[in-house]
*Asks:* 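Here it is, the structure, as structure tokens.
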Amino acid sequence: MPQNPPSKDDKNQLTHFDVSGKAHMVDVGEKKETHRIAIASGSIHMKPETMALVLAGQADKGDVLGIARIAAIMGAKKTSELIPLCHPVGLTKVTVDFTTENPCVTCRAQAETMGKTGVEMEALTAVQVGLLTIYDMLKAVDRGMVMTDIHLQEKSGGQSGHWISEK
């Protein structure tokens, strides 16, 4: 659907479409480089006995959370290869932490860069890949695991400034 060209003052315009409605990569060439941070999180729910395997380090495929952490970081680094209109970003830092509260694992990822575009997609991708890796490593014992509440918690930097989720 064609849209009016986005104005700098209108935050409700979809920026990934040109005036004729065709998808395009947003031009960030004129933007100022700033320190940008994004934090995302999400959870995977499982049977209590599946969680017991994770906590005891007894999953057949190995250290579930350790491998999921590496996968999440790799996911953040590959985001622009997975999301068609996402800019490649020179990440300066990615941290991934897991918390466990039976029968749930929560993943929290923080991505940082010094650049012209944000790292929200990198943080969100890290969470998704981390949770998918947990699913993959445990699916032989629990195919009913459910990933939920994947969302951006906070972002800072850039023209829009600091934002915190109300969730």
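For clarity, every value in this text was computed on a predicted model and none was experimentally measured.
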*Asks:* I'd like to know if the side chain of Arg36 and the backbone of Lys116 have a donor-acceptor N/O pair within less than 3.5 Å.
*Replies:*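 Yes, because the side chain of Arg36 sits within donor-acceptor range (under 3.5 Å) of the backbone of Lys116.
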*Asks:* Which heavy-atom pair separates Thr34 from Gly157 by the least distance, and what is that distance?
*Replies:*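 Answer, listing the atom of Thr34 first, then Gly157: OG1-C, 3.8 Å.
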*Asks:* So, does Thr125 use its side chain to make a donor-acceptor pair with the main chain of Gly75 at under 3.5 Å?
*Replies:*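 Pair absent, no side-chain N/O of Thr125 close to backbone of Gly75.
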*Asks:* By side-chain contact (heavy atoms from CB on, under 4.5 Å), which residues pair with Ala76, not counting sequence neighbours?
*Replies:*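 Listed in chain order: Leu91, Val94, Glu122, Ala126.
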*Asks:* Determine whether Glu112 and Val119 make a side-chain contact, defined as any pair of heavy atoms from C-beta on separated by less than 4.5 Å.
*Replies:*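 A side-chain contact is absent here, since even the closest heavy-atom pair is not under 4.5 Å.
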*Asks:* Same hydrophobic cluster for Ile73 and Val105, using side-chain heavy-atom links shorter than 4.5 Å among ILVMFWY?
*Replies:*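 Ile73 clusters together with Val105.
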*Asks:* Judged by atom type as modelled, is there a donor-acceptor pair below 3.5 Å linking the side chain of Arg69 to the main-chain atoms of Val96?
*Replies:*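 It does hold such a pair.
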*Asks:* Do His87 and Ser80 have a side chain donor and acceptor closer than 3.5 Å?
*Replies:*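 Result is no, nothing qualifies.
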*Asks:* Should Ile37 and His35 count as side-chain neighbours, where that means a heavy-atom distance under 4.5 Å?
*Replies:*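 Yes, at least one pair of side-chain atoms sits under 4.5 Å.
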*Asks:* Which heavy atom of Val129 sits nearest to which heavy atom of Ala71, and what is that distance?
*Replies:*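 Closest approach of Val129 to Ala71, heavy atoms only: CG1-O, 3.2 Å.
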*Asks:* With a cut-off of 6.0 Å (strictly less than), are more than 12 heavy atoms of other residues, nucleotides or ligands near NZ of Lys93?
*Replies:*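 Open.
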*Asks:* Restricting to side-chain contact (heavy atoms from CB on, under 4.5 Å), what partner residues turn up for Ser165, sequence neighbours left out?
*Replies:*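 Ser165 satisfies side-chain contact (heavy atoms from CB on, under 4.5 Å) with His151, Trp163, Lys167 once adjacent residues are dropped.
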*Asks:* Do side-chain atoms of Tyr135 reach the backbone of Met147 as a donor and acceptor pair under 3.5 angstrom?
*Replies:*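 Answer holds: no.
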*Asks:* Determine the minimum heavy-atom distance between Lys155 and Ser160, stating which atoms define it.
*Replies:*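 Nearest pair, atom of Lys155 first, then Ser160: NZ-OG, 2.8 Å.
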*Asks:* Around Glu101, counting heavy atoms of other residues, nucleotides and ligands shown, do more than 12 lie under 6.0 Å from its CD?
*Replies:*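 At most 12 heavy atoms, drawn from other residues, nucleotides or ligands, come within 6.0 Å of this atom.
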*Asks:* Any side-chain donor-acceptor pair under 3.5 Å between Ser43 and Thr106?
*Replies:*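 Their side chains do contain a donor-acceptor pair, which is all the 3.5 Å distance test asks for.
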*Asks:* Evaluate the side-chain proximity of Lys61 to Lys139: yes if any heavy-atom separation is below 4.5 Å, no if none is.
*Replies:*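 The answer is yes, as the side chains (C-beta and beyond) meet within the 4.5 Å cut-off.
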*Asks:* Please collect all salt bridge (Lys or Arg N to Asp or Glu O under 4.0 Å) contacts where either partner lies in residues 71-80, sequence neighbours excluded, each pair once.
*Replies:*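 Output for this query lists Lys78-Glu81.
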*Asks:* Would you say the side chain of Leu53 lies within less than 4.5 Å of the side chain of Asp60, judging by non-hydrogen atoms?
*Replies:*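 Contact flag for Asp60/Leu53 side chains = no.
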*Asks:* Looking only at non-hydrogen atoms, find the nearest pair between Thr79 and Cys86 and report the distance.
*Replies:*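 Here Thr79 and Cys86 meet closest at CG2-SG, 3.9 Å.
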